[in-house]
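In what follows, a single structure is set out as structure tokens and then discussed.
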Amino acid sequence: MPELPEVEVVRTGLASLLLGKKVVSAKAFRADLRYPLPDFSLLTAYKLQAIRRRSKYLLFDFYSDDQSPKTLVWHLGMTGQFHVLPKAMSGEKHEHVRFDFDDGSSLRYRDARRFGFAGLLSTADWSQHAWFKHLGVEPLRDAFDVAELLSHCRGRKAPIKNMIMDAHVVVGVGNIYAAESLFLAGIHPARAAGRISQKRLSMLVTAIKTTLAAAIQAGGSSISDFVQVDGKPGYFAHTFHVYGREGESCMRCGVKIRKITQAGRSSFYCPSCQH
DNA sequence: CTGAAGACCTGCCTGC
DNA sequence: TGCAGGCAGGTCTTCA
């Protein structure tokens, strides 16, 4: 389900419901998702102190009075969903993990395609884990600027779309927001990254920040099966400029939107507005 | 090193 | 109505 904005919306939703609660029990209903799952029962009697986000990962910080702090790391893959439901409510289809808290609420993880994954790490050194060690900058931070992007693009022949979707370069930009950002910046998705002027890369940096921030503001736009943490369907209608609009008219110039395949993924663009 | 392609899974939509 | 085929938000591994 998620690109960065959706993960951020899930983060704030879960934080509003669960911070300060103590884990009474925690268990998985299968041994693995994408990777083997950790022993969630180790979190019993821990309290949830904070929920952070790095890239598309959620970081749940737990503490206890007599044991060292732990950080539960979670990636939602393509179809992962967290719901907070009453403890008594029965499990849903594809529910793989549940955490019960001391106030009677219950956090459930569903994931039809099981591309999600989780790990239980020490709070002191989670960032040294292989999942995080080589990640690029956060797109909404000041550290993501034209100099940073230029340093990765210089001399590269790979298409710019692949470059901005590469988590070593900048994190959190998925297929949908890559397409939308490139439209806003007027850059063709297949253009070689090393052959784009600094001025246009600068516009791209701004477009990525604007697009992601707007999507977070809208409550996480994109996904047809996006569901809010209270379990209610939470599909926020959102009009994209190019994503999913093959054959329809460009909102800016009227020319028909085209679709191509890059690195096995669909790319949408306006042949008149993007070069 | 770079870049492309395949793999992991299930659900849903399209077309015959 | 049934069923094969294609496609889907992400990431990692393999191969040329």
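Per chain, numbering begins at 1; letters A, B, ... match sequence-line order.
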Sugar-phosphate only, base, or nothing, as touched by A:Ala263 at under 4.0 Å among non-hydrogen atoms:
nothing
Phosphate OP1/OP2 of C:dT11 contacted by A:Lys56 side-chain N/O (<4.0 Å)
yes
For the side chain of A:Arg113 and the base of C:dA8, is some donor closer than 3.5 Å to an acceptor across the two?
yes
Only one of A:Tyr269, A:Phe183, A:Tyr177 passes ring pair (Phe, Tyr, Trp, His ring centres under 6.0 Å) with A:His241; say which it is.
A:Phe183
Is any side-chain nitrogen or oxygen of A:His94 closer than 4.0 Å to OP1 or OP2 of B:dC9?
no
Looking only at side-chain N and O atoms, does A:Arg114 come under 4.0 Å of OP1 or OP2 in B:dC8?
no
So CE of A:Met89 and NZ of A:Lys87: to nearest 0.5 Å the spacing works out to 14.0 Å
A:Gly264 near the nucleic acid: base, sugar-phosphate alone, or nothing, with a heavy-atom cut-off under 4.0 Å?
nothing
Does a side-chain N or O from A:Lys93 land closer than 4.0 Å to OP1 or OP2 of B:dT10, or not?
no
Using only side-chain N and O atoms of A:Arg156, determine if any of them is under 4.0 Å from OP1 or OP2 of B:dG3.
yes
Does B:dG3 have OP1 or OP2 sitting under 4.0 Å from an N or O in the side chain of A:Asn162?
no
Would one find a side-chain N or O of A:Ser266 under 4.0 angstrom from OP1 or OP2 of C:dA8?
yes
Inter-nucleotide P distance (C:dT14, B:dC9), Å rounded
15 Å
Would you say C:dC12 has OP1 or OP2 under 4.0 Å from some side-chain N or O of A:Arg34?
no
Under 5.5 Å centre to centre and under 30° between planes: does that hold for A:Phe115 and the six-membered base ring of B:dC8?
yes
Using a cut-off of strictly less than 4.0 Å, decide whether A:His75 has a side-chain nitrogen or oxygen near OP1 or OP2 of C:dG10.
no
